[in-house]
Amino acid sequence: MSNGNHRVFLLEGVRKMGASAIFLMQLLAQIIPAFARPRLIVAQIYNSGARSLIIIMLAGLFVGMVLGLQGYELLRRFGSEEALGSAAAIGLLKELGPVVTALLFAGRAGTALTSEIGLMRATDQLVAMEIMAVDPLRYVAAPRFIGGVVAMPLLAGIFSLIGLFGAQLVGVQFMGVDKGAFWSQMQGAVGNRDITEGIVKSLVFGVACSLIAVNEGYHAEPTAAGVGLATTRTVVASSVLTLLLDYVLTAAFL
Amino acid sequence: MINPESAQPTSPAPAEDVVVAVRDVHYAVDGRPIFKGVDINVRRGRITAIMGPSGTGKTTLLKLITAQIQADRGQVLVFGQDLAKLGVSETYAVRKRMGMLFQNGALLTDLSVFENVAFPVREHTDLPEPLIRMLVLTKLEAVGLRGAAELMPAELSGGMARRVALARAVVMDPELLIYDEPFVGLDPISLGVILRLIKQMNVALGITSIVVSHDVKELASIADDSYLLSDGRVAAAGSPQELMKSHSEAVRQFMTGGADGPVRFHYPACDYTTQLLSAEDCE
């Protein structure tokens, strides 16, 4: 890539970041007015949250089971299988819960948000609202953004709980780790700071993934290819940003 | 190609009688000029037709009038207000006084027919539910779709969707109603119904109407004034009957649907035979 191309690429990146920041500001300005229609927000929490429950619960169960199996195998080498409960809990609450939930959210709810809003753009529904003097940012974008931000920590919490059940199932029921030791070690090792870290991470991921999904849909080119491209960008950008933010937040909480 | 004399309005309208005034508007997209000085007056209580071949910027003109885009040069005045000088809330205030019928209806797909028509009322008024119900049913009855109130937009035909969109456009009793290609893809019955409704809205409610279309015959039957756009300018203005009698070749070609004339049917290309016989595409 030549210097000129580098510059264009860099400028385009900066322009997109600037445009996203402006969109976030416009969106935030519509957050409070959007609460005038609580029904729309509840509907979006249902769309982003409740409709993602099955995939989140299934993924949580299997991730927890794998964690139980791998954790048991590793801890057994050091003769500390009883620590499986604390290892699984800390791993799920601080890392796997928020991160895997965010990645799944981007793939399920994020793509649904982008394609829905993109199709509304392509079929002139957003323009029609503007002509009817209704701000689509307030009516369409803000409730979906709030719905995503509220749903993410709830989904991450459910993911972690089901994951713990999966780890306990494998560790205690299948591998024979002492049940009392599993739960008491967990209780002793997990502190408020760990739970706070998990909540903060899932909230930040919720803001990032919902913003990307809504922004991509809202600014999608109004064609079939444009909506498809925006949906792909949502998954890629949300996944990369989630992992990047995870590193930053983990470092901040150390 | 353009006959400047025929592009003048037949009779100048007093300022207070003009609902929409487009003054010397220039507009370009990516350096390609769409308008090169367009002047249009839409008079109160009349049906004004904006005609022109495909790609002459008819829909772009509607975007300018509804403040979706801004002119590069010139003025667009709606209800006497210069749209370029309005803030967001003032623009919305102007839009509350207008309704628009989109080419594809643009119904909100997650709302039923009833809720689509009720949408602007719920957003802009605090009317009690029984009154909203009555208002919506009245408008749906006017477009013959009271029985379809509970259907979802996906269950409607193209013509029905456009009638619902028309009911939604008039539910707030706008002063100005804009129709973007209202006749495209309609069967003869739906076409007749839409034509009748446009005329009825104008006569019964006194709504000023702008109809953008290239269906000359249909427009001629309802329009009071008409403008023909061509090559980025107003090629002719007057009543549809006056346009029919125009001596301008471009106007006559459009009004009679002639393939040969100043307006080219073919997009500019190299010689047909040369391209067919050549292995490579010509420049």
Side-chain angles (χ1 to χ4, degrees), chain A residues 22-23 25-30 33-48 51 109 112-144 147 214 217-224 227, chain B residues 59 62-69 78 83 86 88-111 115-126 153-154 158 161-162 164-172 174 176-181 210:
Chain A
I22 291 169
F23 184 74
M25 293 300 129
Q26 290 172 333
L27 204 54
L28 290 177
Q30 296 301 331
F35 276 100
R37 297 170 186 78
R39 228 157 38 94
L40 287 181
I41 293 174
V42 171
Q44 292 311 321
I45 294 173
Y46 174 79
N47 277 340
S48 295
R51 286 187 167 167
L113 284 178
T114 302
S115 52
E116 185 189 10
I117 300 174
L119 277 173
M120 289 176 89
R121 167 76 65 202
T123 52
D124 285 335
Q125 293 181 53
L126 298 184
V127 177
M129 281 187 199
E130 283 181 9
I131 303 298
M132 287 187 277
V134 175
D135 188 350
L137 266 177
R138 182 158 45 96
Y139 190 85
V140 175
R144 282 163 178 77
V214 171
Y218 202 80
H219 296 112
E221 199 188 316
T223 60
V227 175
Chain B
T59 301
L62 292 192
K63 287 184 178 176
L64 285 164
I65 293 170
T66 52
Q68 294 176 59
I69 52 174
V78 179
L83 295 183
L86 300 182
V88 176
S89 56
E90 291 157 322
T91 303
Y92 276 1
V94 168
R95 284 177 180 166
K96 278 182 192 171
R97 299 169 66 185
M98 58 170 80
M100 182 162 172
L101 178 70
F102 286 82
Q103 198 173 336
N104 58 7
L107 296 177
L108 306 180
T109 43
D110 55 343
L111 300 181
E115 287 303 325
N116 258 286
V117 180
F119 181 77
V121 187
R122 293 197 198 286
E123 286 300 313
H124 296 305
T125 70
D126 294 319
R162 222 165 293 175
V164 174
L166 183 56
R168 183 180 68 179
V170 297
V171 74
M172 295 291 286
L176 171 67
L177 200 45
I178 300 167
Y179 303 84
D180 186 10
E181 302 281 7
I210 301 175

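Labels below follow one simple rule: chain letters A, B, ... track the order of the sequence lines, proteins then strands, and each chain is numbered from 1. Nothing here was measured: the structure is a model prediction, and the numbers come from that model.
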Work out which heavy atom in [X] is nearest to a heavy atom in [Y]; give both atom names and the distance.
X	Y	result
A:Met132	B:Pro120	SD-CG, 3.7 Å
A:Val134	B:His124	CG2-NE2, 3.8 Å
A:Ala133	B:Tyr92	CB-O, 3.4 Å

Can you measure from [atom1] ([X]) to [atom2] ([Y]) and round to the nearest 0.5 angstrom?
X	Y	atom1	atom2	result
A:Arg138	B:Glu123	CZ	CD	6.5 Å
A:Ile131	B:Ile65	CD1	CD1	11.0 Å
B:Thr109	A:Glu116	OG1	CD	7.0 Å

(message) Any side-chain to backbone donor/acceptor pair from A:Glu130 onto B:Gln68? Under 3.5 Å, distance only.
(response) no

(message) Counting heavy-atom pairs under 4.5 Å with chain A, which one of B:Met172, B:Arg168, B:Gln103, B:Lys96 comes out on top?
(response) B:Arg168

(message) Between B:Thr66, B:Leu108, B:Asp110, B:Ile178, who has the most heavy-atom pairs with chain A when the cutoff is under 4.5 Å?
(response) B:Leu108

